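In this text, all values refer to a predicted model and were calculated from it rather than measured experimentally. In what follows, every chain begins at residue 1, and chains take the letters A, B, ... in the order their sequences are listed.
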Protein chains: 2
Amino acid sequence: MSEERVRATETSIRALEGLVELDGEAGVTELATHLSIAKSTVYKHLRTLESKGFVVQYGDRYRIGLRTLEFGGYARRYDGVYDTARPEVDRLAEETGELANLMFEEGGRGVYVHTASGEDAVDIDTQTGRHAHLHSTGVGKAILATLPDERIETIVDVHGLPRATPHTITAETELFEEIDAIRSEGVAYDREECVEGMFCIARPLSTPGRRPAAISVTGPVSRVATGGTEERIRTALERAGNVIELNLTA
Amino acid sequence: MSEERVRATETSIRALEGLVELDGEAGVTELATHLSIAKSTVYKHLRTLESKGFVVQYGDRYRIGLRTLEFGGYARRYDGVYDTARPEVDRLAEETGELANLMFEEGGRGVYVHTASGEDAVDIDTQTGRHAHLHSTGVGKAILATLPDERIETIVDVHGLPRATPHTITAETELFEEIDAIRSEGVAYDREECVEGMFCIARPLSTPGRRPAAISVTGPVSRVATGGTEERIRTALERAGNVIELNLTA
DNA sequence: ATTTATGTTCTCGTCTCCGAAACGCCGGTA
DNA sequence: TACCGGCGTTTCGGAGACGAGAACATAAAT
């Protein structure tokens, strides 16, 4: 396995990342100093990216282009799980009034590929495409529960178990106990392990031959963690999951 | 304005495009022959893209990675129009039961940045991130109506007026007449100009200082183009547009 | 065992990418 | 008006990476 890479490609991608780091918009000089790369180099990369729509020029400033969204659309739709699950996630948000999410696993991390806001949903920053660690979110742990143990171990080895809040699971043994519980009960909970004050109930999706995935409903502890509501959400999740799994095999 | 480009970056992007052209998935050799590029070159680019998450490896095959979706998310959210409009587009779909869309203009073309399906929505292929010509869709023409005439002319010069169906507007004078009508009436119609059998009603959005945008509702001619329904949709579009514009200035 | 496909590695000559510095342009300033 | 400091853009040369082709490894099919 050669470690040789195409340097220019990496530079271009660093430029894209730099634009994000600079709040999505930057001039040539600003980006060059941020990346510690020669101005002329950054300039040529930006022009190249611009000609392909990966970057857009507004006056003297550059932003990420919507062409990336086009590729993202393909990546997301690839195996049909998204198309199948999306309407159910939307309905989940409507039924519960909270924030509903669909997550895929890729490269050992979780990616929010769809989110839907219900009537009372918190305005938390779960933008589409956001990546998250699997061990510190409800959906993430639900996904882990669908993976074989060796895979989980590899993921933990590569990405570690970084702490997000005081409640985050950071011990491997504890994580595996939790995952066993999720496997037997079919539900995963995130008790302020990702964001303080937020509670998340998730359900793994059985997607044989396709990408690992899970769905969840998120809301403030005060609302979601109370007995009645929690059970209502669990039932809604179970129903949605069943519908999705049924439609996937059909 | 130098025409010099970074060749390696272009090659990497060609690799991504090639993956899409090969139905989203390919092996090294397959992609290399498709692109007429040496196998080893394609290999190194794929490995580089993979290390950055732009491509994912499943066994011996490569696909577009969800990292692209992350950048797409930033591009889409940039100026707040998306966040403001999205809930209204969702409601639009629910109210009308049809397919509702939000489009941005970028580089003279239209990009579907959000779509929502109502109860009876046709299952047409409007995936998020898809690019379309502005002159042949209802939303596109609505966007054109918000642009100054010189800009429209530049766009027509660059992208032409390619025909999509027998009803597509292909004459510049006719296009400008239509745009004048849209400007005075505040509504744009797509009478099977993009897809045969499909009718689309759109409304331009006033987004001063932000990206040009428009919203629309699409459905089969038989349902959407009839008097009563058409008026209902027009009213819903008008309301949604007003709410969005209000929230944008607030 | 042989064949044939694949992904991966190797090697090398050419071309290109990178960096530094110069240029042109614009807005603010005395 | 002349100056200055900032920007994006262009120029230019040398180091070095990229791209092509062929060799190698591996796996599946025959």
- Does Phe71(B) have its ring centroid less than 6.0 Å away from the ring centroid of Phe71(A)? no
- Task: Could you tell me which residues satisfy salt bridge (charged side-chain N to carboxylate O under 4.0 Å, His left out) with Arg151(B), sequence neighbours excluded, listed by chain and number?
- Result: Glu105(B)
- Task: Starting at atom CZ of Arg14(B), determine the distance to atom P of dG19(D), rounded to an integer number of angstrom.
- Result: 11 Å
- Query: What integer distance in Å separates Arg47(A):CZ from dT11(D):C1'?
  - Reply: 16 Å
Pairwise N/O distances under 3.5 Å, protein to nucleotides 11-17 of chain C:
from    : atom 1 : to      : atom 2 : distance (Å)
dC17(C) : OP1    : Arg7(B) : N      : 2.9
dC17(C) : OP1    : Ala8(B) : N      : 3.4
dC17(C) : OP2    : Arg5(B) : O      : 3.0
dC17(C) : OP2    : Arg7(B) : N      : 3.3

- side-chain contact (heavy atoms from CB on, under 4.5 Å) partners for Pro208(A), two or more places apart: Ser206(A)
- Task: Can you run down the salt bridge (Lys or Arg N to Asp or Glu O under 4.0 Å) pairs that involve residues 28-37 of chain B, sequence neighbours left out, and say none if there aren't any?
- Result: Glu30(B)-Arg61(B)
Under 3.5 Å, which donor-acceptor pairs do the side chains of residues 106-117 of chain A form with other protein atoms, sequence neighbours left out?
from      : atom 1 : to       : atom 2 : distance (Å)
Glu106(A) : OE2    : Leu66(B) : N      : 2.7
His114(A) : NE2    : Asp90(A) : OD1    : 2.8

- Message: Does the structure place the NZ or CZ of Arg76(B) under 6.0 Å from the centre of the six-membered ring of Phe104(B), at an angle of no more than 45° from the ring's axis?
- Response: no
- Message: Each nucleotide in nucleotides 24-30 of chain D should get exactly one letter: B, S or -. Can you fill that in based on protein heavy atoms under 4.0 Å?
- Response: -------
- Note on the structure: Sorted by number, residues from residues 51-63 of chain B placing a heavy atom under 4.0 Å from DNA chain D are none
- Given Glu193(A) and Arg163(A), is the salt bridge (charged side-chain N to carboxylate O under 4.0 Å, His left out) satisfied, shown in steps? CA-CA 8 Å; Glu193(A) 295 160 37; Arg163(A) 179 181 294 286; over 6 Å; no
- Query: When you look at Arg130(B) and Glu70(A), which way does the salt bridge (charged side-chain N to carboxylate O under 4.0 Å, His left out) test go after all the steps?
  - Reply: CA-CA 6 Å; Arg130(B) 215 188 83 210; Glu70(A) 187 176 7; over 6 Å; no
- Measure from CG on Leu46(B) to P on dG19(D) and round the result to the nearest Å. 12 Å
- Query: Residues in ring-ring contact (aromatic ring centres under 6.0 Å, His included) with Tyr62(B), at least two apart?
  - Reply: none
- Item | Verdict with supporting geometry, Glu88(B) and Ile215(B), side chain to side chain contact (heavy atoms under 4.5 Å, CB included) | CA-CA 10 Å; Glu88(B) 295 308 317; Ile215(B) 52 177; over 6 Å; no
- Figure out the CD/P separation between Glu25(B) and dG7(C), and round it to whole Å. 11 Å
- dG19(D) base to Ser40(B) side chain: any donor-acceptor pair below 3.5 Å? no
- Task: Applying salt bridge (charged side-chain N to carboxylate O under 4.0 Å, His left out), name anything that partners Glu21(B), two or more places apart in sequence or on another chain.
- Result: none
- Report the residues that fulfil salt bridge (charged side-chain N to carboxylate O under 4.0 Å, His left out) with Glu50(A), sequence neighbours left out, ordered by chain and then residue number. none
- Message: Which residues pass the salt bridge (charged side-chain N to carboxylate O under 4.0 Å, His left out) test with Glu245(A), not counting sequence neighbours?
- Response: Arg203(A)
- Of residues 29-38 of chain B, the positions that come close to DNA chain D - non-hydrogen atoms, cut-off under 4.0 Å: Ile37(B), Ala38(B)
- Rounded to whole Å, OH of Tyr43(B) lies from C1' of dG7(C) at a distance of 7 Å
